[in-house]
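If you read the sequence from its start, that first residue is 1, and numbering goes on from there.
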Amino acid sequence: MFLLFILLSVVYYLSRDDKNKLEKIDIAKNNLVIKNFDLSKNLTDSQGFYRVTAAIAKFDKNMGKSELDNCSIEYKTDNTTATFHAAECTYWVDKKIVLEGSVNGQINSVKINTDDNGVFNYYFDNASGIIKNGVEVHGNNIIITSEKALMSRSNRTIEFIDNVEVDYAY
């Protein structure tokens with residue numbers, strides 16, 4: 001009987017679903033460290049979601065924020081798909097995310113990059129963002145560069161500010 005119990009335990013362990021398995025969690029006073037962080041959240045104002053992933057997330061309960069290493073954000077609504085990546089991020093749940101370093105990403109078919117000192121602040125409450133420091137946007141037959149770009153999902157616009165250059169391909 002004992003052998004049957006051991007055999008059933010091994011079969012259960014090998015067949016369980018790993019979708020929600022966390023690789024490692026370390027808990028200290030008011031701090032939480034998670035490897036392979038993956039958070040998805042439905043949007044309240046539209047039919048969509050956002051997803052934040054990182055190699056390591058360090059959550060500070062007192063500050064209400066997470067410091068993320070090698071992070072990505074995916075944002076999807078009925079007509080917009082966006083993804084952005086950076087080496088470092090700071091995430092405040094349901095408020096904003098700040099990506100820092102060489103920020104690169106895409107909104108639908110438009111590619112967006114910054115230099116190595118790039119900063120991208122995205123605000124979830126009003127679906128807007130500010131991206132700074134060597135912004136370069138590649139669209140259909142056009143490249144736009146500037147020092148700063150303001151993005152608005154509700155207006156479906158990107159406004160370029162400071163040292164704006166536009167290169168058209170004919």
Side-chain angles (χ1 to χ4, degrees), residues 22-45 48-77 80-139 142-167:
L22 297 173
E23 192 170 300
K24 183 178 179 191
I25 299 177
D26 293 327
I27 301 175
K29 186 177 181 178
N30 295 318
N31 293 307
L32 179 66
V33 177
I34 303 172
K35 289 187 177 179
N36 297 322
F37 177 76
D38 191 332
L39 171 82
S40 295
K41 188 108 171 130
N42 288 327
L43 300 171
T44 56
D45 66 336
F49 71 93
Y50 71 88
R51 178 180 180 203
V52 177
T53 59
I56 297 175
K58 300 168 199 137
F59 179 71
D60 183 329
K61 183 178 177 184
N62 291 332
M63 301 293 288
K65 68 178 182 177
S66 296
E67 299 293 332
L68 310 174
D69 295 338
N70 193 17
C71 52
S72 297
I73 181 167
E74 177 184 356
Y75 185 91
K76 189 165 190 162
T77 64
T80 303
T81 300
T83 56
F84 284 90
H85 312 281
E88 297 177 3
C89 298
T90 305
Y91 173 63
W92 290 264
V93 177
D94 292 337
K95 294 180 181 164
K96 73 176 183 175
I97 189 167
V98 179
L99 291 82
E100 297 180 90
S102 177
V103 178
N104 60 71
Q106 188 167 322
I107 300 175
N108 294 334
S109 63
V110 177
K111 293 182 181 181
I112 302 172
N113 302 304
T114 69
D115 63 20
D116 291 341
N117 297 315
V119 178
F120 179 30
N121 293 281
Y122 187 81
Y123 303 92
F124 295 106
D125 61 345
N126 62 5
S128 67
I130 302 169
I131 191 165
K132 299 185 276 189
N133 300 333
V135 179
E136 188 173 278
V137 176
H138 295 257
I142 189 170
I143 299 172
I144 302 172
T145 58
S146 69
E147 286 304 309
K148 186 190 299 186
L150 307 176
M151 293 181 257
S152 170
R153 182 175 63 90
S154 60
N155 295 331
R156 300 183 52 83
T157 60
I158 299 176
E159 178 183 353
F160 298 93
I161 300 170
D162 294 334
N163 298 323
V164 179
E165 292 183 22
V166 179
D167 293 324

Side chain to side chain contact (heavy atoms under 4.5 Å, CB included) between T90 and K96, intermediate numbers included = CA-CA 8 Å; T90 305; K96 73 176 183 175; over 6 Å; no

Which atom names give the shortest non-hydrogen contact between D69 and A54, and what distance separates them?
-> O-CB, 3.5 Å

Check whether any side-chain heavy atom of N163 lies under 4.5 Å from a side-chain heavy atom of T145, and answer yes or no.
-> no

Can you measure from CD1 (I144) to CD1 (I158) and round to the nearest 0.5 angstrom?
-> 8.0 Å

Is any side-chain heavy atom of V98 less than 4.5 Å from a side-chain heavy atom of W92?
-> yes

F84 and Y122 aromatic centres sub-6.0 Å | no

Taking all atoms of both residues into account, what is the closest heavy-atom pair of V103 and V119, and its distance?
-> CG2-N, 4.3 Å

Rounded to the nearest 0.5 Å, how far apart are CG of N104 and OG of S72?
-> 8.5 Å

For S40 and R51, the nearest pair of non-hydrogen atoms, with its separation, is OG-CG, 3.5 Å

Indicate yes or no: at least one non-hydrogen side-chain atom of D115 is less than 4.5 angstrom from one of E136.
-> no

Are any non-hydrogen side-chain atoms of V166 and F160 less than 4.5 angstrom apart?
-> no

How far does NE2 of H85 sit from CG of L99, to the nearest 0.5 angstrom?
-> 9.5 Å

Between Y75 and R153, what is the shortest heavy-atom contact and its length?
-> OH-NE, 2.6 Å

Looking only at heavy atoms, which two atoms of K132 and T114 are closest? And how far apart?
-> O-CG2, 3.9 Å

Here the pair of heavy atoms bringing E100 nearest to A86 is O-CB, 3.5 Å

CG-CG distance between N155 and L150, expressed to the nearest 0.5 angstrom = 11.0 Å

Could you tell me the separation between the CD1 atom of I97 and the NZ atom of K65, rounded to the nearest 0.5 Å?
-> 13.0 Å

Aromatic rings F124 and Y50: how do their planes relate, parallel, tilted or perpendicular, breaks at 30° and 60°?
-> parallel

Spacing of I34 atom CD1 and S66 atom OG [to the nearest 0.5 Å] | 7.5 Å

For the residue pair L68 and F37, establish whether any side-chain heavy-atom pair is separated by less than 4.5 Å.
-> yes

Give a yes or no answer on whether the side chain of N70 reaches the backbone of A87 with a donor-acceptor pair at less than 3.5 Å.
-> no

Under 3.5 Å, is there a donor-acceptor pair between the side chain of D162 and the main chain of K148?
-> no

Non-hydrogen side-chain atoms of T80 and R156 separated by less than 4.5 Å = yes

